Amino acid sequence: MNFTNLFMVDDAATQQPGAGSLLTMLLPLALLALVFYFIIYRPQKKQEKETADMRNSIELGDVIVTTGGIVAMVVKITEDMLLVETSGNRTKIQIQKWAVSSVIEKANEPDVKEVKDAKRMDSGVKMKSKEDKSKKKEEK
């Protein structure tokens, strides 16, 4: 019996399952990487982009909330710093832009009440106010 022929047969038999085994090991890892990408990495990058856009769109007069919970109005903006004014006695604090967690009220946005009043005026329905009644009395 020739032992070299036995070893050659064993090598040929082990090579094919080994190649299939490598593929079956890498396929679940690749699927796991895709799952992590679509469930964790991609939404996190999207959230970071939205937060960066919000912080870059801050304007003078905006009312913001810091990560520490301070509610303040923006007074001055520099490249990476904000000067904000808090409370009734107008205390000014300088903070970094990354410390802004949200914008409560934009400076150029009209109030909800003003928008509703404008829609009523546009629809042709005019609401009478106390000022309108006093003007009519003065005209008489």
Side-chain angles (χ1 to χ4, degrees):
M1 186 170 198
N2 191 353
F3 286 107
T4 56
N5 288 340
L6 276 174
F7 289 126
M8 287 184 186
V9 172
D10 285 341
D11 287 342
T14 57
Q15 283 181 355
Q16 285 183 346
S21 173
L22 182 64
L23 181 63
T24 57
M25 282 178 48
L26 291 179
L27 187 62
L29 288 174
L31 290 173
L32 189 62
L34 281 173
V35 167
F36 277 124
Y37 175 76
F38 283 108
I39 292 178
I40 297 172
Y41 183 75
R42 191 171 168 216
Q44 181 181 1
K45 286 295 177 185
K46 184 179 177 184
Q47 180 66 35
E48 287 175 3
K49 183 181 178 197
E50 289 174 358
T51 304
D53 290 343
M54 179 265 306
R55 289 178 180 151
N56 290 331
S57 69
I58 293 175
E59 298 175 352
L60 294 177
D62 288 353
V63 179
I64 62 167
V65 177
T66 66
T67 54
I70 298 171
V71 179
M73 184 175 66
V74 178
V75 177
K76 183 180 177 184
I77 300 173
T78 59
E79 188 172 320
D80 61 343
M81 302 290 277
L82 298 173
L83 184 66
V84 294
E85 186 176 278
T86 63
S87 70
N89 59 2
R90 298 182 177 229
T91 305
K92 292 183 181 173
I93 304 171
Q94 188 172 8
I95 62 170
Q96 292 183 340
K97 277 189 179 180
W98 63 262
V100 176
S101 66
S102 64
V103 176
I104 295 178
E105 183 180 322
K106 297 294 279 180
N108 296 331
E109 281 186 7
D111 290 340
V112 176
K113 184 179 177 184
E114 292 174 5
V115 171
K116 288 181 180 178
D117 289 341
K119 286 182 180 178
R120 279 191 209 129
M121 294 296 215
D122 290 341
S123 66
V125 178
K126 189 171 183 179
M127 303 297 290
K128 292 183 180 179
S129 66
K130 292 180 181 178
E131 294 173 3
D132 292 339
K133 291 177 183 177
S134 63
K135 286 181 184 177
K136 286 183 181 180
K137 288 182 181 178
E138 290 174 8
E139 290 176 0
K140 290 182 180 179

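What you see is a predicted model; the values in this text were computed from it and never measured.
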Considering all heavy atoms of both residues, which atom of [X] and which atom of [Y] are nearest to each other, and what is their separation?
| X | Y | value |
| --- | --- | --- |
| Ala107 | Gly61 | CB-C, 3.6 Å |
| Glu79 | Lys97 | O-NZ, 3.5 Å |
| Glu59 | Val74 | O-CB, 3.7 Å |
| Thr86 | Val71 | CG2-O, 3.7 Å |
| Lys106 | Asp62 | NZ-OD2, 3.2 Å |
| Ile95 | Val84 | CD1-CG1, 4.3 Å |

Open item on the list: Going by the rule salt bridge (charged side-chain N to carboxylate O under 4.0 Å, His left out), which residues pair with Lys49 if we only count those two or more places apart in sequence or in a different chain?
Closed with: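 For Lys49, no residue satisfies salt bridge (charged side-chain N to carboxylate O under 4.0 Å, His left out) once neighbours in sequence are set aside.
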Task: Donor-acceptor under 3.5 Å (Arg55 side chain, Trp98 main chain) - done: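 Yes; at least one donor-acceptor contact below 3.5 Å.
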Could you give the distance from [atom1] ([X]) to [atom2] ([Y]), rounded to the nearest 0.5 Å?
| X | Y | atom1 | atom2 | value |
| --- | --- | --- | --- | --- |
| Leu26 | Leu31 | CG | CG | 11.0 Å |
| Leu27 | Leu29 | CG | CG | 9.0 Å |
| Arg90 | Glu85 | CZ | CD | 5.0 Å |
| Tyr37 | Lys45 | OH | NZ | 10.5 Å |

Quick one: do [X] and [Y] end up in the same hydrophobic cluster if we chain Ile, Leu, Val, Met, Phe, Trp and Tyr together by side-chain heavy atoms under 4.5 Å apart?
| X | Y | value |
| --- | --- | --- |
| Val65 | Val63 | yes |
| Met54 | Ile64 | yes |
| Ile77 | Val100 | yes |
| Val103 | Met81 | no |

Open item on the list: Taking the side chain as everything from C-beta on, heavy atoms only, tell me whether Met25 gets closer than 4.5 Å to Leu23.
Closed with: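 Not touching, per the 4.5 Å side-chain cut-off.
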Task: With sequence neighbours excluded, residues passing side chain to side chain donor-acceptor pair (under 3.5 Å) with Asn56 - done: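 Asn56 satisfies side chain to side chain donor-acceptor pair (under 3.5 Å) with no residue once adjacent residues are dropped.
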Open item on the list: As a test of understanding, state which of Thr66, Leu60, Ile58, Val75 forms a side-chain contact (heavy atoms from CB on, under 4.5 Å) with Leu82.
Closed with: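 Only one of Thr66, Leu60, Ile58, Val75 forms a side-chain contact (heavy atoms from CB on, under 4.5 Å) with Leu82, namely Ile58.
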Open item on the list: Which residues end up grouped with Val35 if you chain together Ile, Leu, Val, Met, Phe, Trp and Tyr wherever their side-chain heavy atoms are less than 4.5 Å apart?
Closed with: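 Members besides Val35, by chain and number: Leu32, Phe36, Ile39, Ile40.
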